[in-house]
Number of protein chains: 2
Amino acid sequence: MTITLPQQSHTVADIKALIHRESRRVTSYDVAIVAGVSQSAVSRCFKPGASVSKATFARVMQAATDLDYTPNAAARSLNTRRSNLVALVVSHMVTLHYPELLAELSRQFALFGMRILLFSQPRGSDLGATLADVWQHQVDGAVVAAHLSGAQAGEFERRQVPVVLFNRHLGDGGVSAIVCDQAGAARTLASRLAAAGHQRFALIDGPARSAIAQERMRGVADRLAELGLAPPFRVSGEHDYASGARGLREIIGRLGQVPDAIICSNDAMAIGCLDTARHEFKIDVPGQLSVTGFDGSGPAGWLSYNLTTLRQPVPQMAQATVEMLMGLIGAGAAAPQRRMFSAKVIDGATARLGPAC
Amino acid sequence: MTITLPQQSHTVADIKALIHRESRRVTSYDVAIVAGVSQSAVSRCFKPGASVSKATFARVMQAATDLDYTPNAAARSLNTRRSNLVALVVSHMVTLHYPELLAELSRQFALFGMRILLFSQPRGSDLGATLADVWQHQVDGAVVAAHLSGAQAGEFERRQVPVVLFNRHLGDGGVSAIVCDQAGAARTLASRLAAAGHQRFALIDGPARSAIAQERMRGVADRLAELGLAPPFRVSGEHDYASGARGLREIIGRLGQVPDAIICSNDAMAIGCLDTARHEFKIDVPGQLSVTGFDGSGPAGWLSYNLTTLRQPVPQMAQATVEMLMGLIGAGAAAPQRRMFSAKVIDGATARLGPAC
DNA sequence: TTGTAAGCGTTATCAT
DNA sequence: ATGATAACGCTTACAA
């Protein structure tokens, strides 16, 4: 136990009054005065692993508590060149499709003392403008789950801001990325549907700008070609429920018949397609038609659907993202790497699947 | 700050090389040298509405572009006492239930040049610890969609950080809040169910710690009492699909029969309850049993469900939140106010409702 | 272990 | 309109 000695005329109340009068913030300097130590001693007390005596530490912490002192991150950032901030740049749809992603990233980053600065990209707005804001905030790194041009990726490198792409990648592999093997998963799905005897395939694709959708649908098309099956009939829409419904109507309208299987670019579309097939067209799914999705989102597992889909291991991907970015931040510059996860086939009740090979 | 340069040449390339050699950041000083003006002139060029001549402005901007200069937000924040950062403190469930909320808040705040610093509160973790982090980052304000104690609210006031609660409020009304009239909506729902002849009610409640769930369920109970109906049978769980399913099993098990109506604390629960009723118990909904939810989330509208529920105007609430917080930030200290929105009854296909009064 | 002092990169004040 | 100069609140050699 240390007894706080009377500090000249600098009592806690005095200092607080002074601060209020000058309407400024509580600084480490104020704490120093109250604790009767130097300002740098206070600073050290807030730096883990600095050399401070027990007694000093206690006095400083007491003073800090008395004054409601909190270190100023802006000032710290200014001379450490570390903001402990990570930019999370997401297209507006990401939070819709992976609602758990943000919470998971936030949790994981928090373990490293990092906080997320959110840059949600409104539909159709310019990523370049968003990035300008990112640079201002001196983030230590960035996670990007939106389409990044080569030039934009180059800017990250020029500015030495480590970046990890989430479920996207650049063709030249010059940027680190965490991805899920969409094409591979799509091939597996196509194989197993074919093995179950489906012949006439249709695809409900996502928007042309979605790289993920492209990859998924290309995987399907490639595999079907390899198997000598007719190329799938293809329609596209947004990644939502309504587009799935519209997609089915378009397929049936243009094809003049119901195909054997419809592969949708994500779960929301698949569910829209499924609902419309059952309720509007009275089609027996999966007896007459197989419908599959992508993602393995929550509703896919609900009893009314029990959707046959491909689950992406979002929590693991989130963890890998954080690990990779923190590694890059620590290492300065490291060779870009890509870590790929596999999607898992969820053998639900909306498609007839052949055996896994 | 003094920059030593080779006497003659202040070209862009020279400066860039120097910066690289000293491995420091591009500063307004560098831009000043290249543009041949003072550092403060550069600063003014980046401040909207400052007095700079056309010519100076052009030279500075050219130099800034050449050097890839971006103002340092940390340094700016340090002496303007404005970080342009807003803390968004959410419990881990918020992003699950209102996936569009984040994107909307982000978009709206961006219009004011504000960015969101995300503090997603892991389940069961201490909000106090999270807040300590909030203070460090010198945010200009905060949106809180998590349970805030009176003491914690007081800390916001002491530190002069404006705060707006989202869909929560403190009893004493000392904190500004945007809320949706949960109790009122619940009363309406109870009234209309009663008007349709339902007598035996059951509730599947959210967790005890959820203020929203409390309010919703209290509204129902109060209204039923007023109508002279028997108090509802009550079970509780988490705000998820599985809890809705479990809730129904518990109700039927403990009651020994199927009630006339089950009011669930949110849509996910209602859908879980509904699916279980139909698929597991082969109950005719709404013929034999009415099931209702809360929120008006996306899946509620899907064909397989067409859930009778109460829709919260989330986008409007988001906009109001931003408006209110920006108002508070601008005003310094203003009287706390509460703005209440009404939920809208979605007359779906899972409940028999009487006429609206 | 502790104190002194020099930055970190900006904005703000005040002359000019 | 422009330029010097003093903050802003902290970390970090370096000295003691």
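Keep in mind that what you see is a predicted model, and the values were worked out from it rather than measured.
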Discussion item. Taking the ring centre of each residue, are Trp135(A) and Tyr69(B) less than 6.0 Å apart?
Written reply: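 Between Trp135(A) and Tyr69(B), the centre distance exceeds or equals 6.0 Å.
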Fill in: Centroid-centroid distance, Phe57(B) to Phe46(B), less than 6.0 Å
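No, the ring of Phe57(B) stays outside the 6.0 Å limit from the ring of Phe46(B), centre to centre.
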Fill in: CD/Glu22(A): more than 12 non-hydrogen atoms of other groups inside 6.0 Å
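Yes, because the 6.0 Å sphere around CD of Glu22(A) holds more than 12 heavy atoms from other groups.
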Worksheet item: Just wondering, more than 12 heavy atoms not from Gln316(A) lying within 6.0 Å of its CD?
Response: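 Buried by this count: over 12 neighbours within 6.0 Å.
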Given atom [atom1] of [X] and atom [atom2] of [N], what is their separation to the nearest angstrom?
X        : N       : atom1 : atom2 : value
Arg25(B) : dG7(C)  : CZ    : C1'   : 14 Å
Asp68(B) : dG9(C)  : CG    : P     : 16 Å
Leu78(A) : dA6(C)  : CG    : C1'   : 13 Å
Gln39(B) : dA12(C) : CD    : P     : 12 Å
Ile33(B) : dG9(C)  : CD1   : C1'   : 14 Å
Arg76(A) : dT10(C) : CZ    : C1'   : 19 Å
Asp30(B) : dG9(C)  : CG    : P     : 9 Å
Lys47(A) : dT1(C)  : NZ    : P     : 14 Å

Below 4.0 angstrom from OP1 or OP2 of [N], is there any side-chain N or O of [X]?
X        : N       : result
Ser38(A) : dG3(C)  : yes
Tyr69(B) : dT10(C) : yes
Arg81(A) : dG9(C)  : yes
Ser43(B) : dT10(C) : no

Discussion item. For the helix from dT1(C)-dA16(D) to dT16(C)-dA1(D), what angle separates the axis at the start from the axis at the finish, each from five pairs, in steps of 10°?
Written reply: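 It works out to 30° between the end axes.
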Worksheet item: Going by heavy atoms closer than 4.0 Å, what residues in residues 54-65 of chain B are next to DNA chain D?
Response: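 Listed by number, they are Thr56(B).
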Practice prompt. Go through the steps to decide whether Gln136(A) and Thr70(B) satisfy the test side chain to side chain donor-acceptor pair (under 3.5 Å), and finish with yes or no.
Written response: CA-CA 6 Å; Gln136(A) 297 218 351; Thr70(B) 313; over 6 Å; no
Worksheet item: Side-chain contact, heavy-atom cut-off 4.5 Å: Val86(B) with Val139(B)?
Response: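 Val86(B) vs Val139(B): side chains apart.
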Worksheet item: How do Arg44(B) and Asn72(B) order along DNA chain C: which one's closest nucleotide is nearer the 5' end?
Response: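 The residue mapped nearer the 5' terminus is Asn72(B).
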Discussion item. Checking side-chain hydrogen bond (donor to acceptor under 3.5 Å, both in side chains) between Asp30(B) and each of Lys16(B), Gln39(B), Arg24(B), which is the one that passes?
Written reply: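 Testing Asp30(B) for a side-chain hydrogen bond (donor to acceptor under 3.5 Å, both in side chains) against Lys16(B), Gln39(B), Arg24(B) leaves exactly one candidate, Arg24(B).
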When you compare the side chains of [X] and [Y], does any donor N or O come within less than 3.5 Å of an acceptor on the partner?
X         : Y         : result
Thr11(B)  : Asp14(B)  : yes
Ser53(B)  : Thr56(B)  : yes
Ser149(A) : Gln152(A) : yes

Sugar-phosphate only, base, or nothing, as touched by [X] at under 4.0 Å among non-hydrogen atoms:
X        : result
Ser53(B) : sugar-phosphate
Ser40(B) : base
Thr80(B) : sugar-phosphate

Practice prompt. Please list, in 5' to 3' order, the outermost nucleotides of DNA chain D lying under 4.0 Å from any heavy atom of chain B.
Written response: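 Under 4.0 Å from chain B, the extent on DNA chain D is dA1(D) to dG9(D).
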Practice prompt. Please confirm whether the backbone N or O of Met114(B) pairs with a side-chain atom of Asn84(B), one donor and one acceptor, at under 3.5 Å?
Written response: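 Absent.
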Discussion item. Could you report the tightest heavy-atom contact between Leu170(B) and Gly150(B), atom names first, then the distance?
Written reply: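 It is CD2-CA, 4.0 Å.
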